[in-house]
There are 2 protein chains.
Amino acid sequence: MTHLKSTFLSREPLASQEAKWKRLVKTNYIDPNGVKRDWESAERQTRPTDSSVDGVNIVAFLNKKNGSEILLEKQYRPPIDQVVIELPAGLIDAGETIEQTAVRELKEETGYIGVADKTTGIMYNDPGFCNANFHMVYVQVDMSLPENQNPKPDLEDNEFIECFTLPVSELSAELQKLESEGYAIDARVGSIAEGIEIAKRFKL
Amino acid sequence: MTHLKSTFLSREPLASQEAKWKRLVKTNYIDPNGVKRDWESAERQTRPTDSSVDGVNIVAFLNKKNGSEILLEKQYRPPIDQVVIELPAGLIDAGETIEQTAVRELKEETGYIGVADKTTGIMYNDPGFCNANFHMVYVQVDMSLPENQNPKPDLEDNEFIECFTLPVSELSAELQKLESEGYAIDARVGSIAEGIEIAKRFKL
């Protein structure tokens, strides 16, 4: 993972008036017993005003001769100072549909051209802590297309992403192996892997 | 869902010095090209100093005569002003093992007594946004035990939680139905449901 690893320098408290991308908010509400309460949480400042979601997580299947593989990314994440195994993902732009966001972000982050074929409902990352949410979009990548033979990401100058694939059936075991090698595991891909294991356990 | 629904009053910006439970931080780092950068993120202020995780998400199976069911919760979450379908979950107390946290939180939130039988690695909810993380713990609930015949939660006075179960095989379809009825879906349980659907699709 060496070429992806950034060097952590320091972490410091951030005053609300200096924050550009995130913010703290307080929600005032009345509980079911009629008691007035408040609750602290965090938000992104980037959600378009015409959108009820922040963005997408992309479950991209590379359909190869020997079976389907799921496309994942390795990316250094400063909040936890680790390289994380995660789904391709991105924030929605104003005016985009969810499926347009998914296809655009997949192309930008991985170079692959795909077709969105399923969009889930809205999922909330951690709704006691923040309002961050997304649609999960399934994208099929046709590996016979000339554009997908030598895909080239179009990364911004602060993005350092390495793509790789894992066989769907081995997702859980491979994530465990990657964690033992020092990578962190994103909850979305980790929970999908657990769902696959649960389905195997119950022979669904 | 009426008896769980709180009444939203207002939401306001929260100054860092007034926040007791959450905080904003800035991480300074050097990217792989040697460029000095910073990154804003959010954190809980509650993580014990001797712990590298915030808490647990609990996948509890109620083993009934007609098959296993997964135990879920309905809970109003002020950050999104919705009642959310989520896994039982909780924050770790200082000195606890992960499994002790899982069994204790399950008892407190649902009344059920269970045995932890699998603990995953650490999962990060949204590592570009925050450091929030957890272990997923599987807990088996023996429905033949006298203690599990009429389970009574031990909720704090600001907790309003309703427990219910879903058949594992129908998780995705049932979550879609709940979303159509106005409930929000937590990403951990939503992603597990997607993993089950992926396993079915690929006949794993």
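We name chains A, B, ... by the order of the sequence lines, and we start the count at 1 in each one.
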**Prompt:** What's the verdict on side chain to side chain contact (heavy atoms under 4.5 Å, CB included) for B/R11 and A/W39, showing C-alpha distance, side-chain angles and the deciding distance?
**Reply:** CA-CA 9 Å; B/R11 185 166 292 139; A/W39 190 278; over 6 Å; no
Is chain B contacted by the side chain of [X], its backbone, both, or neither, given a heavy-atom distance below 4.5 Å?
X	result
A/Q17	neither
A/F202	side chain
A/A132	side chain
A/D157	both
A/Q75	neither

**Prompt:** Do the ring planes of B/F129 and A/F129 sit parallel (below 30°), tilted (30 to 60°) or perpendicular (above 60°)?
**Reply:** perpendicular
As an exercise: rank [options] by heavy-atom pairs under 4.5 Å with chain A and give me the winner.
options	value
B/I185, B/V59, B/V35	B/I185
B/S172, B/S169, B/A193	B/S169
B/N125, B/N57, B/I122	B/N125
B/Q176, B/M136, B/R44, B/K203	B/R44
B/A15, B/A89, B/A19	B/A19
B/S180, B/A184, B/C130	B/C130

From [X] [atom1] over to [Y] [atom2], what is the distance, rounded to the nearest 0.5 angstrom?
X	Y	atom1	atom2	answer
B/I192	A/I196	CD1	CD1	11.5 Å
A/N158	B/R37	CG	CZ	5.0 Å
A/E12	B/T27	CD	OG1	8.5 Å
A/D81	B/N131	CG	CG	11.5 Å
B/R23	A/E40	CZ	CD	11.5 Å
A/W21	B/D38	CH2	CG	10.5 Å

Just so I understand: if I count every heavy-atom pair under 4.5 Å between each of [options] and chain B, which residue has the most?
options	answer
A/K200, A/K118, A/E197	A/K118
A/P13, A/G190, A/G128, A/S68	A/G128
A/T120, A/L204, A/L9	A/L9
A/A199, A/A42, A/S16, A/G121	A/S16

Got [X] and [Y] here, is their nearest side-chain heavy-atom distance under 4.5 Å?
X	Y	answer
A/L24	B/E18	no
A/F160	B/N33	yes
A/Y138	B/I198	yes
A/D186	B/P127	yes
A/M123	B/E179	no
A/S6	B/P32	yes
A/K26	B/K22	no

**Message:** Run A/I80 and B/N133 through side chain to side chain contact (heavy atoms under 4.5 Å, CB included) and show every step you take.
**Reply:** CA-CA 10 Å; A/I80 63 171; B/N133 65 1; over 6 Å; no
**Prompt:** Considering residues, nucleotides and ligands other than A/E156, do more than 12 of their heavy atoms fall under 6.0 Å from its CD?
**Reply:** no
Just by distance, no angles: are the side chains of [X] and [Y] close enough, under 3.5 Å, to form a donor-acceptor pair?
X	Y	value
B/S10	A/N28	yes
A/E86	B/Y124	no
A/R188	B/S191	no

**Asked** Shortest non-hydrogen contact from B/F8 to A/Y29?
**Response** CA-CB, 4.2 Å
**Prompt:** Should B/R77 and A/D126 be marked as a salt bridge (Lys or Arg N to Asp or Glu O under 4.0 Å) after you check the CA-CA gap, both sets of side-chain angles, and the distance that decides it?
**Reply:** CA-CA 10 Å; B/R77 293 301 197 172; A/D126 194 356; over 6 Å; no
**Part of B/V84 lying under 4.5 Å from any heavy atom of chain A** = side chain
